[in-house]
S.K.: 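Before anything else, here's the structure in question.
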Number of protein chains: 2
Amino acid sequence: MKHVTIKDVAKRLNVSVSTVSRAFNDKYDIRKDTKELILKTAKEMGYHPNPIAKKLSQNRSLNIGVVIPEIINEYYSEVIIALQEFLIYKGYQVLVMQSDENGEQELKNVKTLINNMVDGLIIAPTTGNSNMDFYRQRINDGYPIVFLNRVDDSAPGSKVIFNNEKWSFFATEHLIRQNLNKIYHFSGYLDMCVSQERIQGFKKAMNKHKISKENYKIIEAGLLPEEGMEVIEDLIFHHDIPDAIFCVNDMVALGAIKKLKDNGYRVPEDVAVVGFTETRMAELVSPQLSSVKQPTYDMAKKAGELLLRHIEDENAPAETIIMNGEFTIRKSSVKNSSAGYL
Amino acid sequence: MKHVTIKDVAKRLNVSVSTVSRAFNDKYDIRKDTKELILKTAKEMGYHPNPIAKKLSQNRSLNIGVVIPEIINEYYSEVIIALQEFLIYKGYQVLVMQSDENGEQELKNVKTLINNMVDGLIIAPTTGNSNMDFYRQRINDGYPIVFLNRVDDSAPGSKVIFNNEKWSFFATEHLIRQNLNKIYHFSGYLDMCVSQERIQGFKKAMNKHKISKENYKIIEAGLLPEEGMEVIEDLIFHHDIPDAIFCVNDMVALGAIKKLKDNGYRVPEDVAVVGFTETRMAELVSPQLSSVKQPTYDMAKKAGELLLRHIEDENAPAETIIMNGEFTIRKSSVKNSSAGYL
DNA sequence: TTGTAAGCGTTATCAG
DNA sequence: CTGATAACGCTTACAA
């Protein structure tokens, strides 16, 4: 099973390898009929240019590395789909590696990809953003990196992020406007900037509506359903059930709803619940889950575009793109549906 | 930002490139202290062997291609995680491409990966298995390919598959044993072998228990929640609601449950429902969903092992590994919990 | 328009 | 044990 090489084709046609090479890269002058002949026989012989050799000689790989915190997460699945669609169309391969929400693994992934000569990286950092110094260095060295989500304004270089604060604010206001008394926020891990931003939005809404501190709470939950459940169990244990809960994401919200129901609380009648980062499940559960939807696909694509710009032009300026979303109100958060919120 | 190369290191230490190369590949003789010196200075200089060059000169890429039908699916997320874990540990990179449940895209993906000189492929074919002839050819040519899921016994080469028929049979029997009268199966796309196998298991259970044909039905739904919903709507429209439904997967089951509830049917009291291929959601919804669990992680890992065997030994015999699972009974399928099924 | 030959960063063969 | 040097398959000045 030998690979057919450029030499074989050249020999067969009694031309030089450069001619064959040129036939495959139309930026050089070459007579039209020789080109066609070469392309035709090459095809017959089953010749495919060897990308590895190409990479070596061109010193670029046409590969883009994508590093995500975890793959078992609809959000990042969608990111990968979007990135792949766009980048393959642009002639790049997409190499995906996942860090399992672990900073060290993330650094390993990034190094592996850099060693494999990816032309650029799109990174959604893990909780804690522990490798920012390393990234800052690379970016200063001129290595094309674009961050997606999971970083804030202060991150170096280009990035595409979601306006978490704003939409967290809206989601919270929706609860406040129903005159609910006690509103709790189940936040993500506190060392994630995304969590912090959502917390800020929550607080801002509380301040704007002059809700006193006794009437709201911010509780660190996490990102998983189990973590939402645990917090609820804890609250039940302390007889401290709020009128509404705004959760850092849908998974935590679904966990919370499950445990509430298991314990005889009705959603939304007893406790209204709102999620974030709409998953496919939001519409499938009952009650259907109110949630903030991010333009995941567009965000990823934007990140891809930005990255290509950096790859193609060393001096392209760093850009920060902040995107907005949508808040979809469904049953889980509307206590009194006659009030016109649905 | 020039890459430091083996030459730079050699020059710095006044040794030859081969010596440096040898220092990094311990299969050759080299004096211990020179080796250590080389390694040390190489590190200082920030040298990393360039995998691309390595690939070119060794004529292998240390890359494995993985082609999956869709990524926005927990099952395949888990597959990727497992494969990555195992293969990275073995010194390989994992390139993932998704076919979006489209045979042509799948073929493109496979060709791209082959052109990129992956050392082998793990493929979970899309619905219809339309590219089997192409794969058969490659396999005959000696190209290492292992199929995962989505194929049946008849597929060429090595494969790791799930015993769908058997576990579909068990799940169906669980419903029959509750003396439910009318049991319907919401199947996957009929041109998927996985669907066919699950249908076979369902039928086998019906035959064994001598259920007459008027009392069961097999309805093609698909793989998505929406498709489960549609079928339910149709049944409601025809006043044809069964006592139990066995669904091809959890997503269809969740869709079905949702629509049933929306229309005032209670699950499991009115209609018992069973899913397949346990997702994280199975435990989160109410009622919790009975489902068959596949050993996804192990299946993927096995596929990885098989592939490496083929890569390392051209003459390794093709193997077919059929794996078994677990059936977890939860509330959604137990009409009378006092009967001891829970 | 085409050919020659150097180079991309490694490994591997063969002398020494 | 170490050094030259020819591959690996392709691109790209430079010549012709």
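Per chain, numbering begins at 1; letters A, B, ... match sequence-line order.
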S.K.: Roughly, in whole Å, what's the span from NZ in B/Lys11 to C1' in C/dG9?
M.R.: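 That distance rounds to 13 Å.
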S.K.: Using whole Å, report how far CD1 of A/Ile6 lies from P of D/dT12.
M.R.: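 Rounding to the nearest Å, CD1 of A/Ile6 and P of D/dT12 are 11 Å apart.
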S.K.: Which residues within residues 37-47 of chain B lie with some heavy atom under 4.0 Å of an atom in DNA chain D?
M.R.: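 Per residue number, the list is empty: none.
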S.K.: Establish, with yes or no, whether the OP1 or OP2 oxygen of D/dT11 is under 4.0 angstrom from a side-chain nitrogen or oxygen of A/Ser21.
M.R.: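 Answer is yes, contact under 4.0 Å.
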S.K.: I need the CG-P distance between B/Asn25 and C/dT13, as an integer number of Å.
M.R.: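 It works out to 13 Å between those atoms.
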S.K.: Would you kindly give the NZ-to-C1' distance between B/Lys54 and C/dG9, to the nearest whole Å?
M.R.: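 That distance rounds to 12 Å.
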S.K.: Sequence neighbours excluded, which residues qualify as side chain to side chain contact (heavy atoms under 4.5 Å, CB included) partners of A/Ala316?
M.R.: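 In terms of side chain to side chain contact (heavy atoms under 4.5 Å, CB included), with neighbours along the sequence ignored, A/Ala316 is linked to A/Arg309, A/His310, A/Asp313.
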S.K.: So A/Pro49, base contact, sugar-phosphate only, or nothing? Heavy-atom distance under 4.0 Å.
M.R.: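 Counting heavy atoms under 4.0 Å across all strands, the contact made by A/Pro49 is with sugar-phosphate only.
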S.K.: Examine D/dC8: is either OP1 or OP2 under 4.0 Å from a nitrogen or oxygen in the side chain of A/Asn50? Give yes or no.
M.R.: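 For D/dC8, OP1/OP2 do not have a side-chain N/O of A/Asn50 under 4.0 Å.
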S.K.: Can you tabulate the close N/O pairs, meaning under 3.5 Å, that link protein atoms to atoms of nucleotides 3-6 of chain C?
M.R.:
unit_1: C/dG3; atom_1: OP2; unit_2: A/Ser16; atom_2: N; d: 3.0
unit_1: C/dG3; atom_1: OP2; unit_2: A/Ser16; atom_2: OG; d: 3.2
unit_1: C/dG3; atom_1: OP2; unit_2: A/Thr19; atom_2: OG1; d: 2.4
unit_1: C/dG3; atom_1: N7; unit_2: A/Arg22; atom_2: NH2; d: 2.5
unit_1: C/dG3; atom_1: O6; unit_2: A/Arg22; atom_2: NH1; d: 3.1
unit_1: C/dG3; atom_1: O6; unit_2: A/Arg22; atom_2: NH2; d: 3.3
unit_1: C/dT4; atom_1: O4; unit_2: A/Ser18; atom_2: OG; d: 2.9

S.K.: Step by step, work out the side-chain hydrogen bond (donor to acceptor under 3.5 Å, both in side chains) result for A/Thr277 and A/Gln294.
M.R.: CA-CA 6 Å; A/Thr277 304; A/Gln294 298 188 41; 2.9 Å; yes
S.K.: How about B/Glu104: does its CD atom have over 12 heavy atoms from other parts shown lying under 6.0 Å from it?
M.R.: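 Open: at most 12 neighbouring heavy atoms sit under 6.0 Å from CD of B/Glu104.
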S.K.: Does the side chain of A/Thr41 reach to within under 4.5 Å of the side chain of A/Tyr47, using non-hydrogen atoms?
M.R.: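 The answer is no, as the side chains (C-beta and beyond) never meet within the 4.5 Å cut-off.
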S.K.: Is B/Lys7 close enough to C/dC8 that one of its side-chain N or O atoms is under 4.0 Å from OP1 or OP2 there?
M.R.: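 Checking C/dC8 against B/Lys7, a side-chain N or O does come within under 4.0 Å of OP1 or OP2.
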S.K.: Name the residue closer to the 5' end of DNA chain D, choosing between B/Thr34 and A/Val20 according to the nucleotide with the nearest heavy atom.
M.R.: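 Of the two residues, B/Thr34 wins.
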S.K.: What's the CG-P distance between B/Leu56 and C/dG9, to the nearest Å?
M.R.: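 Computing the B/Leu56:CG to C/dG9:P distance gives 12 Å.
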S.K.: How many Å lie between CG on B/Leu62 and C1' on C/dT10, as a whole number?
M.R.: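 Rounding to the nearest Å, CG of B/Leu62 and C1' of C/dT10 are 13 Å apart.
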S.K.: Please report, rounded to the nearest Å, how far the C1' atom of D/dG9 is from the NE2 atom of A/His48.
M.R.: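 So the two atoms are 15 Å apart, to the nearest Å.
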S.K.: Under the rule for side chain to side chain donor-acceptor pair (under 3.5 Å), what residues qualify as partners of A/Thr296, not counting sequence neighbours?
M.R.: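 Partners of A/Thr296 under the side chain to side chain donor-acceptor pair (under 3.5 Å) test: none.
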S.K.: Please determine if A/Glu44 and A/Lys40 form a salt bridge, counting it only when a charged side-chain N lies under 4.0 Å from a carboxylate O.
M.R.: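 Yes, A/Glu44 and A/Lys40 are salt-bridged.
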S.K.: If I take atom CD in residue B/Gln58 and atom P in nucleotide C/dG9, what distance separates them, rounded to the nearest angstrom?
M.R.: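 Atom CD in B/Gln58 sits about 17 Å away from atom P in C/dG9.
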S.K.: Can you sort out the partners of A/Glu305 under side chain to side chain donor-acceptor pair (under 3.5 Å), two or more places apart, ordered by chain and number?
M.R.: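 Once residues adjacent in sequence are excluded, A/Glu305 has no partner under the side chain to side chain donor-acceptor pair (under 3.5 Å) criterion.
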S.K.: Start with the C-alpha distance between A/Arg150 and A/Glu106, add both sets of side-chain angles, then the distance that settles salt bridge (Lys or Arg N to Asp or Glu O under 4.0 Å), and finish with yes or no.
M.R.: CA-CA 13 Å; A/Arg150 297 284 191 121; A/Glu106 176 185 308; over 6 Å; no
S.K.: Restricting to ring-ring contact (aromatic ring centres under 6.0 Å, His included), what partner residues turn up for A/Tyr135, sequence neighbours left out?
M.R.: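 Partners of A/Tyr135 under the ring-ring contact (aromatic ring centres under 6.0 Å, His included) test: A/Phe147.
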